[in-house]
Student: 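Quick one: this structure, given as structure tokens, is what I'll be asking you about.
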Number of protein chains: 2
Amino acid sequence: MDERKQKILQAIINCYVSSGEPIGSRTISRRYNLGISPATIRNEMSDLEESGYLEQPHTSAGRIPSHKGYRFYVDRLMKIKKLKDEEIELIKSGYRTKPTELEYFINLTAKMLSSLTNYTAVALKPIIQKSNFKHLQLIPLSKRQVLMVLVTDAGLVENKLVELPKFVEEEDLNRISQFLTQKFRGLNAEQIQNVNIDNLEREFLRYKQVIKELVDFLHKNIKPQYAERVYRGGTTNILDQPEFRDLDKVKALLDLLEKDEVISSVLMENIGKGITVSIGEENQYEEMKDCSVVTATYKIGEKQIGTIGVIGPTRMEYSKVIAVLDLTARTLSEVLTEMFT
Amino acid sequence: MDERKQKILQAIINCYVSSGEPIGSRTISRRYNLGISPATIRNEMSDLEESGYLEQPHTSAGRIPSHKGYRFYVDRLMKIKKLKDEEIELIKSGYRTKPTELEYFINLTAKMLSSLTNYTAVALKPIIQKSNFKHLQLIPLSKRQVLMVLVTDAGLVENKLVELPKFVEEEDLNRISQFLTQKFRGLNAEQIQNVNIDNLEREFLRYKQVIKELVDFLHKNIKPQYAERVYRGGTTNILDQPEFRDLDKVKALLDLLEKDEVISSVLMENIGKGITVSIGEENQYEEMKDCSVVTATYKIGEKQIGTIGVIGPTRMEYSKVIAVLDLTARTLSEVLTEMFT
DNA sequence: TGTTAGCACTCATGGACGGAGAGTGCTAAT
DNA sequence: ATTAGCACTCTCCGTCCATGAGTGCTAACA
């Protein structure tokens, strides 16, 4: 593709992204000073359509970018947008409060992303499987029910209800908690699978059954699983997009986005990959074939531990979204790292 | 209002709830065997409109119930629907799994309610302020950051990050945890405010600062506050309602429902009141003036500790929604009570 | 006096029609 | 290779009209 075609493609994408209407040759020649007439542009556009970068909704309409066109744009043409000072300040200042809960920041991130981009934003909380075991505490609830509180070095907390095979005194629960904490400290999800507790010290022998149950429980419940808590922002922003005027289409999409497993799997897929962009049909879900998803990974220390993302129409302001996501992920990483190390 | 008028009002509401179209006199006379002609019904309908129970969208259309009409129906005419065996079984069987987290059940409740009613459902997790302090555990995260895990007798867990005025050894954190657990055990949110720790035993004297900080923190953070975690189901069901065909209207509503504070306050308002019904303008939010909200409270033991609800158009199947909510709240109460006592 | 049949009137709905406008592709001239 | 000119296409939008559901009123009826 020669340079002139690229310029025209870029012009069309720029116009289309902001207007949402098919773009005609005259519009381009008027709005961009390319030094060529509408007729020439028409010929070039015809070529671009031929090679699949543009599409025509109907004969006498202008052209719109195809998925292939967007892909080319994202990979080759796009310059990452410089954010405005206000926008940068908005992100930074959002993270300046000292929260009492990790979730607060993740939730905040989703809200900020959506309000900065006007698209739907999603965020995953740090993934427990990617961090190391730090502390375990058993707390009695009823006769045989205990609450198992797990803490990892990234400050993640997980609460699980466990039913014990027999009643255990609170004092002994504490001792067992300390014992298990020692046993598991510093291990990651994989290493936990290999812990066994065959030779117990004397004092724990009478709780062999209970401890076995607890270790089994840990083995079962710390496996990688796609059901992380999902936080959302601006779910309804999609309703502002003219291409989603169709109620049935929008309903199908919103239904999909409501499912935690779906968001979770879309984001998990891209963890640790830096910034990713999936355009239209590249997404695995049929209902999202008119959407693009941009994701970024955040870290605690050196661990890539969570993912955030923006979901919008394929006609998305890619350069801005990428800039916002990049800065947000970096800032979030800094803040969390500061907090937990 | 005489009996015949009531019968006609009931008939109109029945028809309108299922069709969503204004109801004419002929429809009523055809579909219900009231032994009177359309003309008579017309006169009665005219009276009902006069007294504010019915409305007419335009001159040559049928009538639809007004908010006052629905209110009369809910208070006086409605018979609570008997649920089908399958529906009862569905609710019961949903709660038969043993979850490892309390949240699982609350989330499940929202999903079940929405799929049984085809409206939007919301659920609040048990409110920490309504239950009694049971256990406190401090877990070190970084030099001065500690994680405070709070557990109440209803099995609720809350995790808070606290910054300590100075570094404390893990062993001492444990001792402080035990100390505070003893101090606060059994107290409710209000009583916690009155705890003071002026005369410390000798061994804790050197942590006076730290303990003071922690107690202060508890005082500040266990206050009643409207920011409970909200769980949702079927958010998009509202899009199936013909009266919400209007994108702007639906967007305003969905935006409102996306806000946790809003749902939280709507539900908290009705905690402990059994089944409540708010119709149209009775709701405090402008955007919800075409919606009705039905809520129910669930308990753990004897404590009314959380609320669930269904949000739909004013043209709602009140009798079914109330039946479903009632059974769901009762079943959820049983299950949670069983679990935590 | 309450009920009903008959009838003229009202109003939303939806399809047909047609002009305006935007954009294209082709051809011929530059 | 580029461009001006032009005929052609197709959507969009407003207007018009027929249809039909439903009403209110009047007069007759039990």
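Note that the coordinates shown come from a computational prediction; the quantities given were computed from them, not determined experimentally.
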Student: Nearest whole angstrom, please: distance from the C1' of D:dA1 to the CZ of A:Arg4.
Tutor: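 The answer, rounded to whole Å, is 8 Å.
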Student: At under 4.0 Å, does any side-chain N or O of A:Thr59 touch on OP1 or OP2 of D:dC10?
Tutor: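 Yes, A:Thr59 has a side-chain N/O under 4.0 Å of OP1/OP2 on D:dC10.
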Student: For A:Pro38 and A:Ser29, which heavy atoms make the closest approach, and how far apart are they?
Tutor: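 Shortest heavy-atom separation between A:Pro38 and A:Ser29 comes out as CG-OG, 3.5 Å.
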Student: Answer yes or no: are there more than 12 heavy-atom neighbours, outside A:Lys7 itself, under 6.0 Å from its atom NZ?
Tutor: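 Open: at most 12 neighbouring heavy atoms sit under 6.0 Å from NZ of A:Lys7.
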Student: Please compare B:Pro57 and B:Gly35 by the position of their nearest nucleotide in DNA chain C and report the one closer to 5'.
Tutor: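 First, find each residue's nearest nucleotide; the 5'-ward one identifies B:Gly35.
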Student: Looking at A:Asp255 and A:Lys251, is any side-chain nitrogen of the basic one under 4.0 Å from a carboxylate oxygen of the acidic one?
Tutor: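 The answer is yes: the pair qualifies as a salt bridge.
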Student: Without decimals, in angstroms, what is the distance between A:Met45 CE and D:dT3 P?
Tutor: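 Distance check: A:Met45 CE to D:dT3 P gives 15 Å.
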Student: Does B:Glu243 use its side chain to pair, donor to acceptor, with the backbone of B:Gly20 at less than 3.5 Å?
Tutor: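 Side chain of B:Glu243 to backbone of B:Gly20, a donor-acceptor pair under 3.5 Å: no, none is there.
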Student: To the side chain of A:Ala39, which of D:dG22, D:dT3, D:dT9 is closest?
Tutor: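 Given the options D:dG22, D:dT3, D:dT9, the side chain of A:Ala39 is closest to D:dT3.
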Student: To the nearest Å, give me how far apart CD1 (A:Ile41) and C1' (D:dA1) are.
Tutor: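 That distance rounds to 15 Å.
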Student: Which is the 5'-most and which the 3'-most nucleotide of DNA chain C that has an atom under 4.0 Å from a heavy atom of chain B?
Tutor: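 That gives a stretch of C:dT3 to C:dA12.
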Student: For B:Tyr318 and B:Ser292, which I'm curious about, is there any donor-acceptor pair between the side chains at under 3.5 Å?
Tutor: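 Side chains of B:Tyr318 and B:Ser292: pair found under 3.5 Å.
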Student: Taking the nucleotide of DNA chain C with the nearest heavy atom to each, does A:Glu49 or B:Asn43 sit closer to the 5' end?
Tutor: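 Closest to the 5' end, via its nearest nucleotide, is B:Asn43.
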Student: Take the protein atom NE2 of B:His58 and the nucleotide atom C1' of D:dG20, then report the distance between them rounded to whole Å.
Tutor: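 Taking NE2 of B:His58 and C1' of D:dG20, I get 11 Å after rounding.
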Student: D:dT9 phosphate, OP1 or OP2: any side-chain N/O from A:Ser60 under 4.0 angstrom?
Tutor: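 No, A:Ser60 has no side-chain N/O under 4.0 Å of OP1/OP2 on D:dT9.
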Student: Should the pair A:Arg232-A:Asp260 be classified as a salt bridge under the 4.0 Å nitrogen-to-oxygen rule?
Tutor: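 A salt bridge links A:Arg232 with A:Asp260.
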Student: D:dA4 P sits how many Å from A:Arg42 CZ, rounded?
Tutor: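 Distance, rounded to whole Å: 10 Å.
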